[in-house]
Amino acid sequence: MNDRLGLGWRPPLASGILTHQHRVDVIEIIADDYFDASRRELARLKTLAAQIPVVLHGVSLGMASAAPVDAKRLDRMARLVEAIEPEYWSEHLAFVRGGGTEIGHLAAPPRTAATIAGTLKNLETATAIVGSKPLVENIASLIDPPGSTLGEAEWVATILRESNCSMLFDLHNVYANAVNFGFEVQTYFETLPVEHIKALHLAGGRWVRSREYPESRRLLDDHLHQVPLPVFDLLREVGKQVPHPLTVILERDGNFPEIRVLLDELEQARTTLKQGRESGLLRPLKV
Amino acid sequence: MNGENLEAFLARLYVDENLRERFLANPQAEAERAGLSSEESAALTQIDRVGLELAADSFARKRLYKELHARPQTFLERIKAVLRKF
Ligand SMILES: [Fe+2]
């Protein structure tokens with residue numbers, strides 16, 4: 001199976017990635033970092049995309065919202081997609097602002113019929129403006145979104161089926177939510193329509209403890225630590241059940257180790273995915 | 001209910017420490033003051049308090065990080081950024 005594994009493109013990793021291009025099949029560029037790029041920067045990105053397959057990843061569109069997505073931001077994404085011609089672009093199932101207040105990061109919206117309807121409209125608008133459907137990614141949350149009437153897997157699966165978008169399945173995000181809110185990763189995965197899963201994210205995180213309730217802690221998806229074992233276990237399972245090639249990106253946003261450490265982690269992911277592929281237990285078709 | 005008001009309220013709740021304090025002291029009253037429906041207000045009385053504290057902290061760290069690493073946008077801001085180094 002032609003799975004491809006690669007790294008998130010971050011300036012401190014650039015020279016390491018370029019030196020070891022034979023070990024990196026694909027890179028994922030944060031689109032928002034280049035919304036204001038100069039012509040020279042765009043030209044550099046184009047050169048990079050000619051050397052190594054590139055995918056673009058958005059972080060601030062706020063697609064999963066009852067409120068309409070900002071067309072100006074979509075225009076900038078469209079311009080970047082046109083300039084770089086990535087293999088695909090992706091964005092999170094998150095809201096990042098509301099009523100004029102910028103949250104500053106990805107927040108989980110209440111999982112309701114209203115946010116499903118809003119998200120579907122936003123995905124339609126995005127597809128029309130950018131010219132291609134985004135892959136949509138499940139997010140990690142420290143708070144169980146208030147006002148939710150649906151479970152996360154059900155909410156995500158409905159959006160996937162009704163939008164017919166593909167999914168960027170972040171395995172650490174679902175693992176973090178599972179330990180934080182007490183559900184089974186396996187059950188979540190089984191609720192998703194596998195034919196929609198086209199790409200995966202791997203990352204790590206750390207525990208954070210509440211000051212007000214010191215007996216309570218949550219797993220924070222900070223992209224600063226190595227990928228934990230349960231995420232590799234899930235990767236193997238995904239390899240078993242998803243019948244088509246996947247693009248797998250290891251995300252690391254800081255606390256950078258030497259590049260060989262990340263390349264080894266990527267190799268571990270490659271081996272794990274292959275193990276899943278070889279055990280070849282495809283999900284039984286539901287009749 | 002269309003959901004937009006609830007998201008706007010949540011955005012403020014995650015960002016504004018004073019609102020968070022007033023809200024935690026009396027969730028129902030604060031939600032009603034924001035014009036949320038009775039269903040939404042009732043849902044907010046059940047809010048995940050551990051999650052609210054930790055999420056608000058995490059969002060604050062992200063905003064601070066962005067502020068520190070934001071790249072200067074306009075010519076004037078670029079000049080200011082250079083001057084700040086001296
Ligand atoms: Fe991710």
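In what follows, chains carry the letters A, B, and so on, assigned in the order in which the sequence lines appear, proteins first and then strands, with residues in each chain numbered from 1.
- Within the 4.5 angstrom heavy-atom criterion, only side-chain atoms of B:D57, from C-beta onward, approach chain A.
- Of all non-hydrogen atoms in A:I143 and B:A55, the two that sit nearest each other are CG2-CB, 3.8 Å.
- Atoms CD and OG, on B:E4 and A:S65 in that order, are 6.5 Å from each other to the nearest 0.5 Å.
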Next item on the list: Go through the steps for A:L220 and B:S58 under the test side chain to side chain contact (heavy atoms under 4.5 Å, CB included), then give the verdict.
Entry: CA-CA 9 Å; A:L220 171 69; B:S58 165; 3.8 Å; yes

Margin query: Assess the residue pair A:T101 and B:Y14 against the criterion (side chain to side chain contact (heavy atoms under 4.5 Å, CB included)); give the C-alpha distance rounded to whole Å, side-chain angles, the decisive distance to 0.1 Å, and a yes or no.
Written below: CA-CA 10 Å; A:T101 302; B:Y14 295 159; over 6 Å; no

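- For the set B:L52, B:I47, B:V50, B:L64, the count of heavy-atom pairs under 4.5 angstrom toward chain A peaks at B:V50.
- Contact tally against chain B (heavy-atom pairs below 4.5 Å) for A:D222, A:D144, A:N180, A:T115: the top residue is A:D144.
- Although no hydrogens or angles enter the test, the distance criterion places a donor-acceptor pair under 3.5 Å between the side chain of B:E53 and the main chain of A:E212.
- Residue B:E17 places its CD atom among 12 or fewer non-hydrogen atoms of other residues, nucleotides or ligands, all under 6.0 Å distant.
- Heavy-atom contacts from other residues, nucleotides or ligands closer than 6.0 Å to OH of B:Y65 number 12 or fewer.
- Evaluation of the ring pair (Phe, Tyr, Trp, His ring centres under 6.0 Å) test over residues 19-56 of chain B, restricted to residues two or more places apart or in two chains, returns B:F9-B:F23.
- The minimum heavy-atom distance linking B:V15 with A:I103 is given by the pair CG2-CA, 3.8 Å.
- When all heavy atoms are compared, the tightest approach of B:L6 to A:P146 is CD2-O, 4.2 Å.
- Contacts of A:R209 with chain B are made by backbone atoms alone, with heavy-atom separations under 4.5 Å and no side-chain atom involved.
- Checked by atom type and distance alone, the side chain of B:E7 pairs as donor or acceptor with a backbone atom of A:A66 at under 3.5 Å.
- Note: B:R63 CZ to A:H105 NE2 = 11.5 Å, rounded to the nearest 0.5 Å.
- Salt-bridge annotation for A:R218 and B:D48: present, with a side-chain N of the basic residue lying under 4.0 Å from a carboxylate O of the acidic one.
- Ranked by non-hydrogen atom pairs under 4.5 Å with chain B, the options A:P110, A:G100, A:P145, A:P109 are led by A:P110.
- If you measure heavy-atom distances from A:S148 to chain B, you find no contacts under 4.5 Å at all.
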